[in-house]
Amino acid sequence: MTKRKTPEELRSHRWYGANDLRSFGHRSRTAQMGYNRDEYAGKPVIAILNTWSEINACHTHFRQRVEEVKRGIWQAGGFPVELPVQTLSEPFQKPTTMLYRNFLAMEAEETLRSYPADGVVLMGGCDKTTPALLMGAISMDLPAIFLPAGPMLRGNWNGVTLGSGSDSWKYWAELRAGTITPEDWQGIEGGIARSPGHCMTMGTASTMTSAAEALGFTLPGFASIPAPDSRHAQMAVHTGMRIVEMVWEDLKPSDLLTAGSVDNAVTTCLALSGSTNAVVHMIAVARRAGIELTLDRFDEIARCTPVLANIRPTGAYLMEDFFYAGGLRALLAELGELIDRSQKTVNGRTLGENLEGARIFNDDVIRRRTAALLPDSSLAVLRGNLAPDGAVIKPGAAEARLLVHTGRAVVFSDYNDMAARIDDEALDIDENSVIVLQHAGPVATGMPEWGQLPIPRKLLQKGVRDMVRISDARMSGTSYGACVLHVAPESFVGGPLALVQSGDLIELDVPQRKLNMLVSDEELARRKAAWIKPVPRFARGYGALHQAHVMQADRGCDFDFLQRGGAQASVDGVAGEGQAGEPEIH
Ligand code: FES
């Protein structure tokens, strides 16, 4: 039997349990909040990191869910303490939530370190909130359980099912091409997001919450439950109950994270044909645990992982359908030997034990391996003289004719340059051209989701819907197209992407995993010598910190000083106790 902690061994005991001046302060201030001593004495203090805010539509229900989590914590004999943290609202935060992912990761870690937390419930779902909370919790290494926001219900407009993001891009292109009216567009606006929950296509949110479940961080099946479903609320109560037990058992992230559980999460992302953003986030998450996940490992796993989730943008359905079809447990069970079932999860059981009895109820939504949506390679890692440290593409989201393609580059030096010229009638561009965007990488501007570069209006009107597009940006997981992303090193730091000029021939060969510009080494050396370092975008504050410390996409865009093994990479679960604090004297 596993040894259980005693109340005196709880981390919070140093705050509440001692008979000294400091503890007097903590207890008197807890009394000030209306608690009796017997409500918390000797109980695990459970921090609830809540990313709710009035600007995050995906987390609208977190105000209610946190009460359900607290209910579970009280029932199991814990003491809940809700702590609000950065909300990272994908549609609203500029220039990109990616700029702030590491901010939330730091905030999560430092909040846990500096307060009397014995365990933590991580409440996230909207894109970057999931990796950020996991990164912070992994670095702090206290017992941690993840509560996924759950997908919103299917969108609907005039009887047409709408998917988040994907249908925004699709109908925006149709509006620009003149095939739908402004009234249609307004109708779509009203029907595309009609309930609480995160994007219900296989975007970054659905990909990363599923990855969190496959890593072992959620109760089984939780990531697939739609946000408004009563079973989501029930699972929140169970999450609260479970974290209290995890504290007594001392079940920590370091007990869950292994090369095997990371591979399980990667396999999951690929079988879902998930967002390319998962590459950056999973590398960052794994590296926080000291596991060296590489781009090449993604490519290796992709080559033997079939796509089983028939979900947009690669497939036809949405997350609500996925849940009714059996959800993630059914998909993981169907993956068979591709999943390492021996890995531990937050409920104390192995992933394999959690998959027992899982069934597919609709095998068009969750495909059998014999009828996979794609046999393999939902993601490909490209290398060549344009991306020596790698780039990624989602072949299933591109028109097949473009996967082996050579075309003339049309280069935009930054986003504003592209916005100003892309629809210019005089722009020298045709459907075989390769659109290139520079200065959109992690150091330049926090790596926004600009990678699905727009197709010029004049080509849209000719019926062109896909072209090869290359950038050091990311792309929303709800996007599609022959978009080569995450080019590393980025152009802002002098990577080869900075040297491409309009008119250069660019060769993309996805089956061969190649991305090259057909320019001689001598000419590239000449251009490199003439390259002028751009002026940094941020002169002060968090932006300047980000710019100075963010690593390239192939290393997960984490800050160099937050990596395990770095100069300040303390992952001591009791760090900071010595600073628990004198009571303030005014
Ligand atoms: Fe929150 Fe898409 S906007 S997940």
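For ligands, and for the atoms within them, numbers begin at 1 and follow the listed sequence. The structure displayed is predicted, hence computed values, not measured ones.
- Inspection of the N354 and N347 side chains reveals an N or O donor paired with an N or O acceptor under 3.5 Å.
- Checked against the 6.0 Å centroid criterion, the rings of H198 and H59 do not qualify as a close aromatic pair.
- Side-chain polar atoms of T96 and R474 form a donor-acceptor pair below 3.5 angstrom.
- Defined by atom type and a distance below 3.5 Å, a donor-acceptor pair is present between the side-chain atoms of S53 and T87.
- Counting only distances under 2.8 Å, and ignoring water, the protein N, O or S atoms around atom 1 (Fe) of ligand 1 are C58 SG, C126 SG.
- In this structure, the ring of H546 has its center no less than 6.0 angstrom from the ring center of F103.
- Checked by atom type, the side-chain pair Q563/D558 shows a donor-acceptor distance below 3.5 Å.
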